[in-house]
Undergrad: 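Can you read through this structure? Questions will come right after.
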Amino acid sequence: MKIMKTKSILAVVAMWLLCAAAVSAAEKWQVPHETLTYNIMYKWGLINKKAGTVKITTALTDGGNRFSAKLTGATAPWADRFYKVRDTLMGSIDHHNFLPYRYEKITSEGGDNAHDEITFHRDGNHTSADVIHRRKRKKETVYSESRQVLEANGVTLDMLSSFYYMRQLNYATMKKGQTVRVNVFSGRQKEILTIHYDDKVQVEIDKRKVEAYHITFTFTTESGRKSSDNMDAWISTDSRRIPLLMEGKLPVGKVRAIYAGPNV
């Protein structure tokens, strides 16, 4: 059984990270120098086992005008026997508007390897991106390479910059049931992310009850076809705006990304 099917643990987590909504300038969140860790838990019936870990590190660059971000993830030793994953996401992001300059994804999943690079260009409300795809299957010895250009109008993110973009959002001003749509360049296509604000709730993290904003979100293609199942996320209501928990379904069981530190 492939615990992660054809997606890495990062691909699952990324669906949770890609959130956006209207920003309140008066309460704009500032990027801290930080390292956040997450445990990826696999649950199926009575089974509730740690399947991997994710670490996200942030550092200011360019005199504070930009910041660099790095996300690394790996499956646990027991899960390696079914579907080994070692993935890295890296990006350069504007510190003022949280829009990406460059994004890089390096993956090793089940013996297959890939390396994507995206360079963003903006002209007013329009975004274009030069994309380089490199792929090497398990039994291949060299990478194949292809290139394309993606385009979109409106707020346009990638899987890493969105983690920070969503943390500046003022969910406190959103009404229950409010939805927001943004663009996401995810590999070879532009997707539409729709975020549904559910409510402010209490969520349990490390045996403690923590106040959080509960949101649900989905991805669709430009044609409107749903490209992933609904997922749920819970974001802390304090000034740190830490994503605390994500939960999504798998073909067999479900996966949860649980915040593991620093302490909430």
Side-chain angles (χ1 to χ4, degrees), residues 1-19 35-57 70-89 105-114 137-138 159-160 162-163 166 186-187 191 193 195-196 198-199 201-219 226-236 242-264:
M1 178 179 66
K2 292 183 179 180
I3 296 300
M4 293 298 156
K5 199 184 177 185
T6 58
K7 290 182 179 295
S8 71
I9 55 173
L10 294 187
V12 176
V13 173
M15 295 177 187
W16 158 51
L17 303 182
L18 297 170
C19 304
T35 297
L36 306 178
T37 58
Y38 293 85
N39 290 326
I40 310 302
M41 305 298 295
Y42 174 70
K43 184 171 177 57
W44 179 35
L46 297 177
I47 298 174
N48 187 29
K49 196 166 185 178
K50 185 176 177 179
T53 56
V54 168
K55 181 171 71 172
I56 307 170
T57 303
K70 183 176 182 180
L71 186 154
T72 57
T75 42
W78 73 268
D80 284 347
R81 297 196 299 270
F82 300 101
Y83 195 70
K84 185 176 181 179
V85 173
R86 298 293 185 271
D87 288 357
T88 301
L89 311 182
K105 179 182 179 181
I106 305 169
T107 65
S108 177
E109 303 173 2
D112 293 337
N113 294 276
R137 296 296 184 183
K138 188 174 184 179
M159 289 196 298
L160 188 56
S162 54
F163 176 70
M166 69 95 174
S186 57
E191 294 186 271
L193 170 66
I195 306 102
H196 183 282
D198 295 308
D199 209 352
V201 298
Q202 295 283 318
V203 64
E204 185 172 317
I205 302 294
D206 194 24
K207 298 182 180 180
R208 292 179 54 207
K209 292 289 186 178
V210 182
E211 190 174 64
Y213 298 117
H214 178 203
I215 62 173
T216 305
F217 52 95
T218 58
F219 287 94
K226 195 173 181 180
S227 52
S228 71
D229 289 331
N230 290 1
M231 302 194 75
D232 293 277
W234 291 261
I235 302 167
S236 74
I242 295 175
L244 299 171
L245 174 66
M246 177 281 296
E247 185 173 286
K249 294 180 181 178
L250 294 175
V252 178
K254 63 181 179 180
V255 67
R256 306 181 86 204
I258 304 174
Y259 176 67
N263 294 335
V264 293

Undergrad: Classify the side-chain pair Asn39/Lys50 by whether it contains a donor and acceptor separated by less than 3.5 Å.
TA: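 Judged by distance alone, the side chains do pair up.
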Undergrad: Side chains of Thr218 and Asn230: donor-acceptor distance under 3.5 Å anywhere?
TA: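 There is no such pair (donor and acceptor under 3.5 Å, judged by atom type) between the side chains of Thr218 and Asn230.
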Undergrad: Would a 4.5 Å heavy-atom cut-off, applied to side chains only, mark Thr75 and Tyr83 as touching?
TA: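 No, their side chains stay 4.5 Å or more apart.
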Undergrad: Check whether more than 12 heavy atoms from other residues, nucleotides or ligands sit under 6.0 Å from atom NZ of Lys70, and answer yes or no.
TA: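 No, the 6.0 Å shell around NZ holds no more than 12 heavy atoms from other groups.
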Undergrad: Considering all heavy atoms of both residues, which atom of Asp80 and which atom of Val85 are nearest to each other, and what is their separation?
TA: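 Scanning both residues, the minimum pair turns out to be OD1-N, 4.2 Å.
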Undergrad: A quick test of your reading: do over 12 heavy atoms of other residues, nucleotides or ligands sit less than 6.0 Å from NZ of Lys55?
TA: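 No, because the 6.0 Å sphere around NZ of Lys55 holds 12 heavy atoms or fewer from other groups.
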Undergrad: Quick one: NZ on Lys43 to CG on Asn48, what's the gap to the nearest 0.5 Å?
TA: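 Answer rounded to 0.5 Å: 5.0 Å.
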Undergrad: Rounded to the nearest 0.5 Å, how far does CG of Leu244 lie from CD of Glu204?
TA: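 Between atom CD of Glu204 and atom CG of Leu244 there are 12.5 Å.
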Undergrad: So, Asp112 and Arg137, do they make that salt bridge, N to O below 4.0 Å?
TA: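 Salt bridge: yes.
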Undergrad: So Lys254 and Glu247, side chain to side chain contact (heavy atoms under 4.5 Å, CB included) or not? Walk me through it.
TA: CA-CA 7 Å; Lys254 63 181 179 180; Glu247 185 173 286; 3.5 Å; yes
Undergrad: Less than 4.0 angstrom from a charged side-chain N to a carboxylate O is my criterion; do Asp232 and Lys249 meet it?
TA: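 Looking at Lys249 together with Asp232, the answer is no, because their closest N to O distance does not fall below 4.0 Å.
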Undergrad: Side chains of Trp234 and Val201: does their closest heavy-atom pair fall under 4.5 Å?
TA: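 The answer is yes; the side chains approach within 4.5 Å.
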Undergrad: Is there side-chain contact between Phe163 and Pro243, with at least one heavy-atom pair below 4.5 Å?
TA: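 The answer is yes, as the side chains (C-beta and beyond) meet within the 4.5 Å cut-off.
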Undergrad: Could you state the interatomic distance from CD1 (Ile235) to CE (Met246), rounded to the nearest 0.5 Å?
TA: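 Between Ile235 CD1 and Met246 CE, I get 12.5 Å after rounding to 0.5 Å.
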Undergrad: Could you tell me how the ring of Trp78 sits relative to the ring of Phe82: parallel (under 30°), tilted (30 to 60°) or perpendicular (over 60°)?
TA: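 Correct class here is perpendicular.
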Undergrad: Identify which one of Leu245, Ile56, Leu71 satisfies the side-chain contact (heavy atoms from CB on, under 4.5 Å) criterion when paired with Tyr38.
TA: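 Testing Tyr38 for a side-chain contact (heavy atoms from CB on, under 4.5 Å) against Leu245, Ile56, Leu71 leaves exactly one candidate, Ile56.
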Undergrad: Answer whether the closest heavy-atom distance between the side chains of Met159 and Lys105 falls below 4.5 Å.
TA: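 The answer is yes, as the side chains (C-beta and beyond) meet within the 4.5 Å cut-off.
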Undergrad: Find the distance between OG (Ser108) and NZ (Lys84) and round it off to the nearest 0.5 Å.
TA: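 Spacing of OG (Ser108) from NZ (Lys84) equals 7.0 Å.
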Undergrad: Taking the side chain as every heavy atom from C-beta outward, state whether Leu36 and Pro262 have any pair of such atoms under 4.5 Å apart.
TA: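 Yes, close enough: below the 4.5 Å cut-off.
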Undergrad: Under 3.5 Å, is there a donor-acceptor pair linking the side chains of Thr107 and Asp87?
TA: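 No, no side-chain donor-acceptor pair sits under 3.5 Å.
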Undergrad: Which distance, rounded to the nearest 0.5 Å, do you find between the CG of Asp199 and the CD1 of Ile215?
TA: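 Separation between the atoms: 13.0 Å.
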Undergrad: Side chains of Thr37 and Thr53, heavy atoms from C-beta outward: is any pair under 4.5 Å?
TA: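 They are not in contact (no side-chain heavy atoms under 4.5 Å apart), so the answer is no.
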Undergrad: Measuring from Ile47:CD1 to Met41:CE, what's the distance to the nearest 0.5 Å?
TA: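 So the CD1 of Ile47 and the CE of Met41 are separated by 11.5 Å.
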Undergrad: For Tyr42 versus Ala51, what's the shortest heavy-atom pair and its separation?
TA: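 Heavy-atom minimum between the residues: CB-CB, 4.0 Å.
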